[in-house]
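To find a chain, count down the sequence lines: A is the first, B the second, and so on, and within it residues start at 1. Quick caveat: nothing in here was measured; it's all calculated off a predicted structure.
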There are 2 protein chains.
Amino acid sequence: MAMRLFSTVGFDATTVEDIAAAAGISRRTFFRYFASKNDVVWGRFDEGLGQLRASLAAAPATQPLGDALREAIVSFNALAPDQVAVHRQRMSLILSVPSLQAHSTLMYAEWRRVVAEFVASRTGSDPGGLQPRLAGHLMLGAAVAAYEQWLADPAAELTELLATAVQRASAGVAS
Amino acid sequence: MAMRLFSTVGFDATTVEDIAAAAGISRRTFFRYFASKNDVVWGRFDEGLGQLRASLAAAPATQPLGDALREAIVSFNALAPDQVAVHRQRMSLILSVPSLQAHSTLMYAEWRRVVAEFVASRTGSDPGGLQPRLAGHLMLGAAVAAYEQWLADPAAELTELLATAVQRASAGVAS
DNA sequence: GACGCTAGTGGCACCCTGTGCCAATATTCG
DNA sequence: CGAATATTGGCACAGGGTGCCACTAGCGTC
């Protein structure tokens with residue numbers, strides 16, 4: 001609903017007042033449902049993080065670190081066909097609107113933490129150490145690069161781009 | 001000057017009004033020197049980017065891609081001993097204050113572009129392609145991970161952390 | 001020195017996001 | 001039904017950021 005406004009009027013040009021009016025609630029109430037205007041675009045991202053965490057935890061211990069990460073990240077970003085258009089819209093906003101681009105970093109921080117903790121648990125190291133932290137950053141970088149590429153090329157397959165990018169990036173993760 | 005306020009009072013608690021007053025100018029004039037309060041912390045970052053670009057361009061063509069990137073990034077972040085404390089302060093703010101953390105993404109975008117363009121020029125590919133873009137993200141991830149580690153451990157050597165992190169990350173950059 | 005041009009400055013009003021506070025209104029439970 | 005409790009909405013406010021305009025400082029020219 002709000003997304004419709006964002007895509008027609010533009011994110012910056014849409015005020016919280018507008019969104020609230022469209023939703024039939026007051027401005028004040030809007031801020032009880034969303035911590036910020038930015039958060040509207042992200043939906044239930046934190047729930048998705050739980051899935052990612054679970055998916056990583058479920059990886060067989062015999063599976064190489066890089067493979068486990070790749071599979072989890074790819075499936076984390078798998079989409080039902082009818083959601084592709086919406087998701088493309090969403091990601092397009094996140095990666096192109098400065099305000100959202102900036103805000104994304106705060107969302108990604110948690111995402112990186114999930115990856116770092118998994119890597120730490122696998123290597124028996126401190127999640128705050130260089131290797132797990134680096135792994136989080138590299139995996140994130142790969143994912144974002146894949147998304148940018150996906151948005152730039154409508155014909156491209158997100159899943160493939162992600163697999164390729166994560167694959168390459170994981171070369172730097174192996175101890 | 002403004003940094004002093006940030007480190008004593010805190011970034012969020014310091015208003016633009018405060019900064020302007022401390023600098024002996026008006027609020028309105030402040031915004032003619034800085035596009036935003038966030039930008040105060042970044043100083044002349046774009047000038048530094050020019051150096052990075054030049055440093056990369058100056059790398060001998062025979063030097064492997066990864067080595068060229070590592071050397072350029074390490075020297076880009078080299079500091080005179082008397083600037084270490086200030087820089088630590090600055091980076092600590094950038095990496096811990098949410099508002100600055102978010103804003104940093106916008107700064108990093110240019111940084112990544114520099115790396116991507118260099119990689120593209122080396123591999124004769126499109127700077128907007130997956131590989132150069134991925135290289136930008138991986139190098140950035142490595143650099144940020146190194147910085148986080150540096151801040152977490154006062155005894156650590158930034159140069160070494162950067163070299164290590166970039167070294168690992170560049171495994172994913174080689175064609 | 002007087003004049004006019006220009007760049008820098010500051011003040012003002014304004015919009016927007018985000019938050020604290022409190023009254024009003026639903027909703028649920030006894 | 002009545003009381004306890006969420007949910008809501010209105011209001012006022014702080015703070016970042018911007019457009020507009022008047023004022024002033026500086027500087028070259030005559």
_Within 6.0 angstrom of A:Phe45 CZ, more than 12 heavy atoms from elsewhere_ = yes
*Just checking, is any N or O donor in the side chain of A:Ser99 or A:Asp12 under 3.5 Å from an acceptor N or O on the other one?*
no
*asked:* Does anything in residues 17-36 of chain A come within less than 4.0 Å of DNA chain C? Heavy atoms only, and list the residues if so.
replied: A:Arg27, A:Arg28, A:Phe31, A:Arg32, A:Ala35, A:Ser36
*Give a yes/no verdict on a cation-pi contact between A:Lys37 and A:Phe11, requiring under 6.0 Å between NZ or CZ and the six-membered ring centre and an angle within 45° of the axis.*
yes
_Exercise: do B:His87 and B:Asn77 side chains pair donor with acceptor under 3.5 Å_ = no
*With heavy atoms under 4.0 Å as the rule, sort A:Ser99 into base, sugar-phosphate or nothing.*
nothing
*For this output row, return yes or no: ring centroids of A:Phe118 and A:Trp111 closer than 6.0 angstrom.*
no
*asked:* Just the rounded figure in Å: distance from P of D:dT18 to NZ of B:Lys37.
replied: 15 Å
